[in-house]
Amino acid sequence: MRISKLFGKTQREVPAEAETASHQLLLRAGMISQVAAGVYAYMPLAWRALTKIENIIRDEMDKAGGQELMMPALQPLELWQESGRDVAFGKGLFVLADRRDRKLALGPTHEEVITQMVSRNVQSYRDLPLLLYHIQTKFRDEPRPRGGLLRVREFTMKDLYSFDIDQDGLDQSYNKMLQAYNNIYARCGLPSLVVEADSGAIGGKDSHEFMVIAETGEDEVIRCEKCPYSANAEKAESVKGPVGGGEPLPVEEVATPGMTTIEQVSGFLGIAPNRTLKAIFYIADGEFVFVAIRGDLEVNEIKLKNALHCAELRLATEAEVLDAGIVAGSASSIGITGIRVVADDSVTTGTNFVAGANKPDTHVRNVNYPRDFKADILTDIALARAGDECPRCGSRLSSVRGIEVGHVFKLGTFLSEKLGASFIDASGISRPIVMGCYGIGIGRLLAAAIEQNHDDKGIIWPMSIAPYQVYLCPLYRENSRVSEVTETLYEKLEAEGLEVLMDDREESPGVKFNDADLLGIPLRVTVSPRTLEKDSVEVKLRSNKDAEIVPLEKVTTRLKELIKG
RNA sequence: CGGGGCGUAGCGCAGUUUGGUUAGCGCGCAGCGUUCGGGACGCUGAGGUCGGUGGUUCAAAUCCACUCGCCCCGACCA
């Protein structure tokens, strides 16, 4: 490709709306063009890189036994009502009406469609297992798109769905995908981290995310400094106790004038925060909920949401707390009736806690679970934090930010049951198909690759996903030897199957070199009168500082070596 | 949805507070010439319904109202 013909220009100045590195560089390199908030057009350079990523994914999916197919973006809303996930996706679902006023959804994902299709085509255990995938545009009406391609409303996603006869089969399919995903990220030149994850609106049990570590990542990953444990902060666990307290003693009231926060109460009474119990109030799908947790811990709202099985969860307002008859600042679940109580299991890690007395300026000592109060739900709803102990090995946990570039779920049978996807097993009994799903956001992967591979000059593409492999850069094209050699070299390299971007513009060396660095093509070949004096060209890796002089007759061989790595 | 910011040429901005000729600057773009191994220079030139609608006024980029769009933080979400 000749740059003079390439659609898309580089920009010297950083567009005002872009803050993250990948967003800025994609715009400056002339790779993307914004159409609306979270909606982008991909220009030729970006499209080439995206296509390369797709093909790597395709290759690994096929190797793992996947069959590629294609499903529509347009789906009847009834299908989503049938599975019940129209509620889970809520406003994230793009809904529209056709001319007969039938409601349609723009698919945010395709489990419903594929499950219906599989249920029509699978009757026997002999038809299973199946691994089916497609690469399709998906639509999600994000509350807030951001960071260029990092979070968008219309995006290309590879989704594979697995169909098995039982849990063992699912585990096998799942492991195949874990392996395939590791291969994909490695081949894209991206070190990735597998972390335990919450399954969110997709639903299901086991779930893992693939993270690319980056400052600009939206997710917090909690991981152990010693053992392999790592999890999304939404899901992460940590060791909570024990905090002691001795033999349970009789409850006794204590005056705590003006003390309403854990800090104040523990300070006033001269005890550690972990010797207290804290009360927090939420509204879960309209219901007032009382939450109790040890004073030194914070509530993980994702865990709480999962424990309550609710779609919407928010903190209660002061007015709502008052309405519920709660004495804010001195509240506890002791003697509370008519309100659902969710307690973090940390309330059982010690004895003789200090908690609210449900009257102003008063707390009680020696509160013990379950002697003094009972929870309707007792489970882990605490936020794990850096510095906490690892739940696996007891070492310290630390925290990093990451970009979620892939997510895999063990769905189980809830969708196949809802949508009637079943098979007849070997003993002639009808059973629901056991499902899994495995997604990769292609554009986000591209953005993550740039987040992780750039410097202050521009992008540094990993070879495998670079739009072109070679940036052929003639200086002083008016020199006839330069232009002749460059043209010959260009044709030869292309004929040899190398992907070459030739800078055939009448620009100064500085402009060309800076654009070469901005575009980040892995190999730069400079042809100039100076190099031709020695019948050579200069070859430089974008990722390296130094260049090497390569004789003309050896250029092709040398470039091929460098491309192989 | 809550908070903050911004819409003036392809990009980055000034001008708006205090209304007043043909609305500026830099980059980029077109032509000519001189340069050119890390974003050169000179000359000439093209390019703008000042996001939109309505209002106030002799007069609106500038004041008022409404509205649309975009970015950032939070909520939420894969």
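Proteins come first, then strands; the chains are lettered A, B, ... in the order of their sequence lines, and each starts at number 1.
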Please state how far atom CZ in Arg146(A) lies from atom C1' in rG4(B), giving the value in whole angstrom units.
15 Å
I want to confirm an ordering. Mapping Pro529(A) and Pro15(A) to their closest nucleotides on RNA chain B, which one lands closer to the 5' end?
Pro15(A)
Between Met70(A) and Gln136(A), what is the shortest heavy-atom contact and its length?
CE-OE1, 3.4 Å
Hey, what do you get for OG (Ser173(A)) to NZ (Lys410(A)), rounding to the nearest 0.5 Å?
10.0 Å
Is there a donor and acceptor pair, one atom on the side chain of Glu13(A) and one on the base of rG26(B), closer than 3.5 Å?
yes
Within the structure, does a side-chain N or O atom of Ser508(A) lie under 4.0 Å from either OP1 or OP2 of rA40(B)?
yes
Rounded distance in Å between the P positions of rG51(B) and rU44(B)
31 Å
Sorted by position of nearest nucleotide on RNA chain B, 5' first, the leading residue of Val35(A) and Arg444(A) is Val35(A)
Counting only distance, no hydrogens or angles, is the base of rC36(B) paired donor-acceptor with the side chain of Glu506(A) under 3.5 Å?
no
For the P atoms, the ones on rA75(B) and on rG28(B), what distance do you get once it is rounded to whole angstrom?
43 Å
Euclidean distance for C1', rG42(B) against rG10(B) (whole angstrom):
24 Å
Fit a plane to each ring of Tyr438(A) and Tyr174(A), take the angle between them on a 0 to 90° scale, and name the class: parallel (under 30°), tilted (30 to 60°) or perpendicular (over 60°).
tilted
Any base atoms under 4.0 Å from Gly147(A), or only sugar-phosphate, or nothing? Heavy atoms, all strands.
sugar-phosphate
Whole-angstrom distance between rG47(B) and rU62(B), as gauged at atom C1'
24 Å
For rC71(B) and Gln34(A) - does any side-chain N or O of the residue sit under 4.0 Å from the phosphate oxygens OP1/OP2?
yes
OP1 or OP2 of rC11(B) under 4.0 Å from side-chain N/O of Arg12(A)
no
Write down the partner of rA23(B) under the Watson-Crick or G-U wobble criteria, each distance required to be under 3.5 Å.
none
Check the distance between rG28(B)'s P and Ile3(A)'s CD1 and give it to me in whole angstrom.
16 Å
Aromatic plane relationship, Phe281(A) with Phe290(A) - under 30° parallel, 30 to 60° tilted, over 60° perpendicular
perpendicular
What distance, rounded to whole Å, do you find between the two P atoms, one in rC63(B) and one in rC25(B)?
23 Å
Remember a base hit wins even if backbone is also touched, and classify Val152(A) as base, sugar-phosphate or nothing at under 4.0 Å, heavy atoms.
base
Taking atom types as they are modelled, is there a donor-acceptor pair under 3.5 Å from the base of rG10(B) to the side chain of Arg28(A)?
no
Here the gap from Met43(A) atom CE to Arg48(A) atom CZ, rounded to the nearest 0.5 Å, amounts to 15.0 Å
Cationic tip of Arg524(A) within the cone over Phe513(A)'s six-membered ring, i.e. under 6.0 Å and within 45° of the normal?
yes
According to the Watson-Crick and G-U wobble definitions, with both distances under 3.5 Å, which nucleotide is paired to rC41(B)?
rG33(B)
Which whole number of Å gives the distance between the P atom of rG69(B) and that of rU18(B)?
31 Å
What's the gap between rC72(B) and rC13(B) when it is taken at their P atoms, as a whole Å value?
15 Å
Provide the distance between the two P atoms, one in rC73(B) and one in rC58(B), to the nearest whole Å.
47 Å
